[in-house]
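What follows is a single structure, written as structure tokens, with notes after it.
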Protein chains: 2
Amino acid sequence: MANIKDIAMMAGVSVTTVSRVINNHPYVSAEKKEAVRRAIKIVNYQRNINAVHLSTGKTFLIGVVVPFSNHPYFGLLVEGIANEALQNNYKLVLFQTNYEENREIEALTMLKHKQIDALIICSRICGWDIIDDYASYGPIILCEDTRGTNVSSTFIDHYKSFSKALEYLYNKGHQKIGYSLGRRTGTNSEKRETAYRDFLVKFNHPFDSNYIFYECFNFEDGEWVVQHLKNMRNPPSALLVSSDQVAAGILTCCKKQNISIPNELALMGFDNQPIAKIMNITTLEIPLVEVGRKLFLQAIDNTTISQEEIAVKLIERLTV
Amino acid sequence: MANIKDIAMMAGVSVTTVSRVINNHPYVSAEKKEAVRRAIKIVNYQRNINAVHLSTGKTFLIGVVVPFSNHPYFGLLVEGIANEALQNNYKLVLFQTNYEENREIEALTMLKHKQIDALIICSRICGWDIIDDYASYGPIILCEDTRGTNVSSTFIDHYKSFSKALEYLYNKGHQKIGYSLGRRTGTNSEKRETAYRDFLVKFNHPFDSNYIFYECFNFEDGEWVVQHLKNMRNPPSALLVSSDQVAAGILTCCKKQNISIPNELALMGFDNQPIAKIMNITTLEIPLVEVGRKLFLQAIDNTTISQEEIAVKLIERLTV
DNA sequence: TTAAATTATGGAACGCGTTTCAGAGCAAGA
DNA sequence: TCTTGCTCTGAAACGCGTTCCATAATTTAA
């Protein structure tokens, strides 16, 4: 394979000039530019990107950390990131953590080693101290409320949106409201729990831990939720489900068990995934593709630190 | 940041020795090894991976081409690949093509530039001639039957599995069988169509192009299929649906429209995704995670070319 | 006309780890 | 005693593009 030196030789110029032509720098005469272009074409020259990376310290690679790659929530998020990456000539390095902390650290280590230019963490596991540590090596972008820190993020105010949803259900006459979440920990889950507790306090309702369902990620997780509900003496009359997939699973199971929706149980999903539309699930729309887009743009902007809030929209359908 | 030279200086050895220690090469005395380790620890030395890449010509990056990243089929496939990548200390570069050929070419170009060590194409768009061209630059692994070529693959024999499914439906008394596919072209779609046509010939049934539904990828695509079926004078009595997602969508819509499954319409899905289990959809199980695993292992083995067939399993449930 | 600015070009340093090769020292076998 | 054959070590070459800096040749502005 030919290298830049060969091209320089062939074109009768210096390697500097070749480099300038390749990178569209000014101050190259038309003839030399032409000569270089010809030489490049003749031997079908391809620069050694690893050499470029070594030289520039940049890789045009952005790391993306997700817990699962087969979940529609992250699927859409990654889709948004990927679309924008395409536009900007960046490539993505995917890290699937299965919520294991050391997987996330591996990704952070790659940032430290400058194997990637920036890291987008779609769902953070490791502590703030660690993020803070690694933030000095390159941009880290999060998908959670980071206001008050020096880390960029695009986020949904889950306190606000959860409160909004709860009030909506309350206004529809529901007093006994339960909710389901993915993992128990994490900023977003915590904000939601706070919103829930504040809501209970506000309306003077007792807290019942049985009304909270954790580890609900997928369609199939709806099954055990319904099973659980059926065995409860005093089940909730409405459920705030933090994923349309799970809501769809619950809805499907309820139909099977002849539990009438929304009469016996009201359901409210999150995300407004296509499945929510098809199954007429009332939900809070989160423009995930848009969120992904913004996350990416923050990732490649290593001068500014910004926190962008994304608004959610209540979509009324037939499950409440 | 310290480099290998600094470490060598600190430890009072040559860079070669430092390199040997880092890479666990033999023939380094215990004392020098120790001295190097100490120096590395003191300054928290991290090798410049870009330099390693330039030097070795390897990147420990594997490209993965998928049309969509938010589809459960590819989600599971990527999950399998990602899991195995983790085990082997490789990272993935994700290419989302949206079925645009030049996106795929970009991925192939990265292989050519040695920015990635190998490329796994989960759903190929571009022609064989192009694949052949780029195969000389590094391993390309496909997820379709490549027997008779010099390209590795892990694949499902879709002719066989489709035939199997058709016969199963036939034996259940179905004479009018339709099917739905994702995209119209592609090896897998073609093999399925061949199987379908051969089946019709075998049982002397006429071919009706209205029995074929293309562009069915997601849950929501089930809606228009059902709409279509309702408007048909002579609708099929069974549908072979090449994705559980679509089958679930069809099932859901049929329930809404009071079309009885399997009495009025039998449904058979593909993949055996969790949703198929929950919704009791009869399906052909494809062990996608396992397929992903094998694809990855083929990708990092650049000595052997192999074509691995994966068997599918018929899972009988309640939609046939 | 002179000073300042712009355009053009190339040499050489820089980023940095891996690996080949040559050689020294020492032990085991003939 | 001599020959192999390890073990250990380091100099130097290699992979290769980018960019700083110096220089020369023109223009433009004053």
Side-chain angles (χ1 to χ4, degrees), chain A residues 1-40 43-61 89 109-110 112-117 137-138, chain B residues 1-40 43-61 89 109-110 112-117 137-138:
Chain A
M1 255 204 189
N3 60 28
I4 200 172
K5 238 175 172 170
D6 300 327
I7 301 297
M9 199 106 70
M10 286 176 67
V13 299
S14 69
V15 291
T16 313
T17 301
V18 176
S19 177
R20 271 196 273 257
V21 172
I22 292 171
N23 297 291
N24 278 316
H25 283 300
Y27 303 153
V28 180
S29 67
E31 313 93 71
K32 301 220 169 182
K33 203 180 283 183
E34 189 42 39
V36 169
R37 293 238 166 91
R38 248 203 319 275
I40 287 177
V43 297
N44 186 23
Y45 165 70
Q46 305 286 347
R47 352 177 246 189
N48 180 324
I49 306 255
N50 288 138
V52 177
H53 290 169
L54 173 61
S55 207
T56 58
K58 274 194 84 181
T59 61
F60 281 93
L61 249 31
N89 246 298
T109 308
M110 261 183 87
K112 183 175 180 175
H113 289 4
K114 307 220 174 298
Q115 276 191 283
I116 51 180
D117 293 346
Y137 299 113
Chain B
M1 255 207 189
N3 59 29
I4 200 172
K5 237 175 172 169
D6 301 327
I7 300 298
M9 200 106 71
M10 286 176 67
V13 299
S14 69
V15 292
T16 313
T17 301
V18 176
S19 177
R20 270 196 273 257
V21 172
I22 292 171
N23 296 292
N24 278 315
H25 281 301
Y27 303 152
V28 181
S29 67
E31 312 94 70
K32 301 219 169 183
K33 204 179 282 183
E34 189 42 38
V36 170
R37 293 239 166 90
R38 249 202 318 274
I40 287 178
V43 298
N44 185 25
Y45 166 70
Q46 305 285 348
R47 356 176 244 188
N48 180 324
I49 306 253
N50 287 139
V52 176
H53 291 169
L54 173 60
S55 207
T56 58
K58 276 194 83 180
T59 62
F60 282 93
L61 248 32
N89 246 298
T109 308
M110 261 183 87
K112 183 175 181 175
H113 289 4
K114 308 220 173 297
Q115 277 191 280
I116 51 179
D117 293 345
Y137 300 113

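Note that the coordinates shown come from a computational prediction; the quantities given were computed from them, not determined experimentally. Every chain is numbered from 1 and lettered A, B, ... according to where its sequence line falls, protein lines coming before strand lines.
Between A51(B) and G12(B), it is G12(B) whose nearest contact on DNA chain D lies nearer the 5' terminus. Nucleotides of DNA chain C nearest to V52(B) and V13(A) differ in position, and the one nearer the 5' end is that of V13(A).
Residue Y27(A) has a polar side-chain atom (N or O) positioned under 4.0 Å from OP1 or OP2 of dT7(C). Between S29(A) and dT9(C) there is a side-chain N or O to OP1 or OP2 distance below 4.0 Å. Listed pair S14(A) / dT9(C) fails the phosphate criterion, with no side-chain N or O lying under 4.0 Å from OP1 or OP2.
K32(A) places its NZ atom 13 Å from the C1' atom of dT7(C), with the value rounded to the nearest Å. What separates NE2 of H113(A) from P of dG17(C) is a distance of 11 Å, to the nearest Å. Atom-to-atom, CD of E34(A) to P of dA8(C) comes out at 16 Å; the value is rounded to the nearest Å. Between the CD1 atom of I4(A) and the C1' atom of dA12(C) there is a distance of 14 Å, given to the nearest Å. Remark: C1' of dT18(C) and CG of N3(B) are 14 Å apart, rounded to the nearest angstrom. Here dT6(C) presents its C1' atom at 17 Å from NE2 of H25(A), a figure rounded to the nearest Å. The NZ atom of K5(A) sits 13 Å away from the P atom of dA13(C) (whole-angstrom rounding).
V28(B) comes within contact range of the sugar-phosphate backbone alone, with a heavy-atom separation under 4.0 Å but no base atom that close. Using a 4.0 Å heavy-atom criterion, one finds that N23(B) contacts the sugar-phosphate atoms exclusively. Nucleic acid contact for T17(B): sugar-phosphate only, since backbone atoms but no base atoms lie under 4.0 Å from a heavy atom of the residue.
Going from atom CD1 of I116(A) over to atom NZ of K58(A) covers 13.0 Å, rounded to the nearest 0.5 Å. With values rounded to the nearest 0.5 angstrom, I22(A) atom CD1 is found 7.5 Å from I7(A) atom CD1. Note that CG of N50(A) is 10.5 Å distant from OG1 of T59(A), once rounded to the nearest 0.5 Å.
Contact of the R47(A) side chain with the N23(A) side chain is registered, since non-hydrogen atoms from C-beta on lie closer than 4.5 Å.
Note that the first and last nucleotides of DNA chain D, 5' to 3', having any atom under 4.0 angstrom from a heavy atom of chain A are dC16(D) to dC20(D).
Side-chain contact annotation: T17(A) with S14(A), donor-acceptor N/O pair under 3.5 Å present.
For dT19(C), the base has a donor-acceptor partner in the side chain of T16(B) [N/O atoms by modelled type, under 3.5 angstrom].
Side chain of K114(A) to main chain of Y137(A): a donor-acceptor pair is present (N/O by atom type, distance under 3.5 Å, no hydrogens or angles).
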### Message
Walk me through whether V18(B) and V21(B) qualify under side-chain contact (heavy atoms from CB on, under 4.5 Å).
### Response
CA-CA 5 Å; V18(B) 176; V21(B) 172; 5.7 Å; no

